[in-house]
Amino acid sequence: MADIRLWNTKTRRKERLDPIDSGNVRMYVCGPTVYDRAHMGNARPVIVFDTLFRLLRHVYGADHVTYVRNFTDVDDKIIRRAEESGRPIGAITEETIRWYHEDMGALGVLTPTHEPRATAFIGEMIAMIAGLVADGFAYEAEGHVLFAVEKYAEYGALSGRSVEDMIAGARVEVAPYKRNPMDFVLWKPSTDDLPGWDSPWGRGRPGWHIECSAMSLALLGESFDIHGGGNDLMFPHHENEIAQSRCAHPEGEFARIWMHNEMLQVEGKKMSKSLGNFFTVHDVLEQGVPGEVIRFVYLSTHYRKPMDWTAEKARQAEKTLRKWYAQAAQGAAEGKPYVGVVNALSDDLNTAKAIAECHQLSLADDVSTLRYTLQLLGLMEDEVPEWAKSPDVDLSEHEARLAAARAAAMENKDFSEVDRLKAAYLAAGVEVRMSKGGVELVPGDDFDAAKLEASI
RNA sequence: GGCGAGUUGGCGGAGUGGUGACGCAGCGGAUUGCAAAUCCGUGCACGGGGGUUCGAUUCCCCCACUCGCCUCCA
């Protein structure tokens, strides 16, 4: 069995993955707040952890991995969106979840084992909060329930901060009912016009962080193997999750290995609406960039490094993928992924190295291994994607015509007709291959049948 | 101000205490009527300064620059 080593943010070291139960390897990844289309940045952790999910399934068996990625469907951003649009919250979240599945599916992302919605686990959240209050880790104040960070000595360990330092930074929300400025909300009151659930502290709704603690407990248990997300979540979200879960269940370990991906940039700059470089995944797909190309570009940078999305990278990725797909299409029905790629992925998900190994498979023309390796990487399913298939057209008459013209030209040394035909074919997106062996016409991805007929 | 990440050839991007992958582009060659495609070959880099070491791009320190987080933005 391959030895999987992963960088653990918590210990700041690469550690060997030693599953608590190798018959059920468990991973939790923070999913989206569903109020709008997923943007290109959102897609990075999705692709990164999907690739890890695929590796785990390959190593431990598809039935021995449990992957949980939540939907946050109760949140102030959603409430705001509902107020702005006049649409019901449920309609917004349902629509957004549907979009999410469509867009991520286009990127070759597998559906996780469980995709829990926060609103389906309110009871579990209330139970956990009640326990924290009962044990003195949390307190009620003005309808809110707050976690008292001073009660958890290791608060800040994940992100390398101390409560004192953070207070000195003085960029925390000022709220008079907080005992410590760093205390965070577990439960907050809802007015009648806002979504709310009955609780021991009155009608209200959960704070953001508690859902992940409650849902990971319900679906993965007190201790599980991997917890992932973007590094912007490291503080405060993950720090707060740890505090809640460890205090609620001190006998559990919560997550053993914490993984965080770096952020995405666009053409060297932070993606932002004001810079006009803000794209949703849907936008990019609509522009005609195939999902496999997006995925390839993401995989070409290691997940712990900042990644720059550029049009040039997409162009090169498409070129490479077309070449590989043409080879993979010839692969045998049975095969296995390349061990060099499995090893690269096993070394802290070195996807860039994995792609380099694929180049070697391509060079060696090992079409079957390439095929199953691309499948492991999520770059193709059973078949080559439609967009990468050659247009199904019969150019044999044109080939014969060009061959005849060429033969004649060889005799009389007048190549004008050959050159004219060649130029016309090229203009119509047909690749012209002439050699001693004969003439071959290959329709390219920009093949235009109408243009071909018009110009010949 | 605090915490963290990064700085490798023209571009992208791995990696290592001792001849620095791979891809794209470039250059040379084979091939071609000329090309294209393909194949073969090839030049080019470890931000700056110290230190440890027989030897550092790789370890340590300092500096510069870039970026992220600290505002429930992945």
Side-chain angles (χ1 to χ4, degrees), chain A residues 9 12 29-33 36 38-49 69 72 75-77 156 158-162 164-173 182 184-185 188 206-211 228-240 260-265 268-273 278 296-297 299-308 310 312-313 315-317 319-320 323 344 347 350-360 362-363 406 409-416 418-419 422-423 425-426 430-437 440-442 444:
Chain A
T9 307
R12 291 163 214 285
V29 173
C30 294
T33 298
D36 206 348
H39 64 244
M40 289 293 278
N42 291 314
R44 194 167 186 198
V46 180
I47 291 173
V48 165
F49 292 105
R69 188 187 60 208
T72 299
D75 179 273
D76 288 355
K77 286 196 292 291
L158 179 69
S159 52
R161 306 151 197 251
S162 69
E164 293 71 33
D165 288 345
M166 288 184 276
I167 293 171
R171 294 188 71 176
V172 290
E173 184 189 354
M182 293 309 298
F184 58 91
V185 173
K188 52 188 163 188
W208 173 38
H209 316 293
I210 194 70
E211 64 174 86
N231 75 357
D232 56 332
L233 293 180
M234 206 161 99
F235 184 89
H237 183 57
H238 290 161
E239 207 72 75
N240 294 352
H260 293 95
N261 61 276
E262 253 293 349
M263 299 291 104
L264 176 94
Q265 295 187 312
K269 290 179 180 155
K270 178 172 177 165
M271 184 169 71
S272 73
K273 286 176 180 168
F278 184 94
F296 183 101
V297 171
L299 294 183
S300 67
T301 298
H302 185 84
Y303 76 93
R304 283 194 287 115
K305 284 196 170 187
M307 198 211 97
D308 196 16
T310 66
E312 174 60 17
K313 282 186 183 177
R315 194 192 64 74
Q316 279 195 17
K319 189 176 163 189
T320 301
K323 179 176 148 191
D347 181 12
N350 193 339
T351 51
K353 177 86 178 298
I355 285 176
E357 297 286 352
C358 288
H359 279 294
Q360 298 316 299
S362 172
L363 191 64
R406 182 160 171 260
M410 295 289 209
E411 292 297 319
N412 60 26
K413 301 298 175 197
D414 177 7
F415 287 91
S416 58
V418 176
D419 288 337
K422 192 172 75 177
Y425 290 132
L426 291 175
V430 177
E431 188 186 303
V432 179
R433 298 179 185 174
M434 288 188 279
S435 67
K436 276 200 176 69
E440 195 182 357
L441 296 178
V442 182

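To find a chain, count down the sequence lines: A is the first, B the second, and so on, and within it residues start at 1. All values below were derived from every heavy atom in this structure, side-chain atoms included, with hydrogens, water molecules and symmetry-related copies excluded.
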Hey, what are the protein-to-nucleotides 4-7 of chain B N/O distances that come in under 3.5 Å?
residue : atom : partner   : partner atom : Å
U7(B)   : OP1  : Lys305(A) : NZ           : 3.2

Under a 3.5 Å limit for both distances, which nucleotide forms a Watson-Crick or G-U wobble pair with [N], could you say?
{"N": "C59(B)", "answer": "G51(B)"}
{"N": "U7(B)", "answer": "A64(B)"}
{"N": "G17(B)", "answer": "none"}
{"N": "U71(B)", "answer": "none"}
{"N": "U38(B)", "answer": "A30(B)"}

C62(B) and C69(B): how far apart are their C1' atoms, nearest whole angstrom? 25 Å
Between G41(B) and C46(B), how far apart are the two P atoms, rounded to whole Å? 25 Å
Checking all strands, does [X] fall into the base, sugar-phosphate, or nothing category for heavy-atom contacts under 4.0 angstrom?
{"X": "Leu264(A)", "value": "base"}
{"X": "Glu357(A)", "value": "nothing"}
{"X": "Gly229(A)", "value": "sugar-phosphate"}
{"X": "Thr301(A)", "value": "sugar-phosphate"}

Do side-chain atoms of Thr320(A) reach the backbone of Gln316(A) as a donor and acceptor pair under 3.5 angstrom?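 Judged by distance alone, yes, a pair lies under 3.5 Å.
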For the backbone of Leu441(A) and the side chain of Glu431(A), can you confirm whether one donor and one acceptor N or O come within less than 3.5 Å of each other?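 Between the backbone of Leu441(A) and the side chain of Glu431(A) there is no qualifying donor-acceptor contact (under 3.5 Å).
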Sequence neighbours left out, what passes salt bridge (charged side-chain N to carboxylate O under 4.0 Å, His left out) with Lys313(A)? Give chain and number order. none
If you take atom types as modelled and just measure distance, does the side chain of His302(A) reach the base of A14(B) with a donor-acceptor pair under 3.5 Å? no
Is there, by distance only and without an angle test, a donor paired with an acceptor across the side chain of Asn240(A) and the base of C72(B) below 3.5 Å? no
Taking only side-chain nitrogens and oxygens of Asn350(A), does any of them come within less than 4.0 Å of OP1 or OP2 of G15(B)?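 Looking at the OP1 and OP2 atoms of G15(B), one of them is under 4.0 Å from a side-chain N or O of Asn350(A).
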When you measure from the side chain of [X], which nucleotide among [options] comes out closest?
{"X": "Ala352(A)", "options": "C72(B), G13(B), C67(B)", "value": "G13(B)"}
{"X": "Ala356(A)", "options": "C70(B), C72(B), A21(B)", "value": "A21(B)"}
{"X": "Lys188(A)", "options": "C72(B), G68(B), C73(B)", "value": "C72(B)"}

From Trp208(A) CH2 over to Cys30(A) SG, what is the distance, rounded to the nearest 0.5 angstrom?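 Between Trp208(A) CH2 and Cys30(A) SG, I get 7.0 Å after rounding to 0.5 Å.
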So, using side-chain contact (heavy atoms from CB on, under 4.5 Å) as the criterion, who are the partners of Asn231(A) when residues are at least two apart?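 Here the qualifying residues are His260(A), Glu262(A), Met263(A).
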Please determine, by modelled atom types, if Asp414(A) and Ser416(A) share a side-chain donor-acceptor pair under 3.5 angstrom.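 Yes, a side-chain donor-acceptor pair sits under 3.5 Å.
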Using the ring of each side chain (for Trp, its six-membered ring), is Phe184(A) parallel, tilted or perpendicular to His209(A), with breaks at 30° and 60°? perpendicular
Give me the distances for all protein-to-nucleotides 23-27 of chain B N/O pairs that come in under 3.5 Å?
residue : atom : partner   : partner atom : Å
C24(B)  : O3'  : Lys319(A) : NZ           : 3.4
C24(B)  : O2'  : Gln316(A) : NE2          : 3.2
A25(B)  : OP1  : Lys319(A) : NZ           : 3.0

Asp308(A) CG - G13(B) P separation (whole Å):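 Checked: the CG to P distance equals 7 Å.
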With Glu211(A) via side chain to side chain donor-acceptor pair (under 3.5 Å) - residues at least two apart: Asn70(A), Thr72(A)
At under 4.0 Å between heavy atoms, how does the protein contact nucleotides 31-37 of chain B? Give one character per nucleotide, 5' to 3', with B, S or -. SSBBBBS
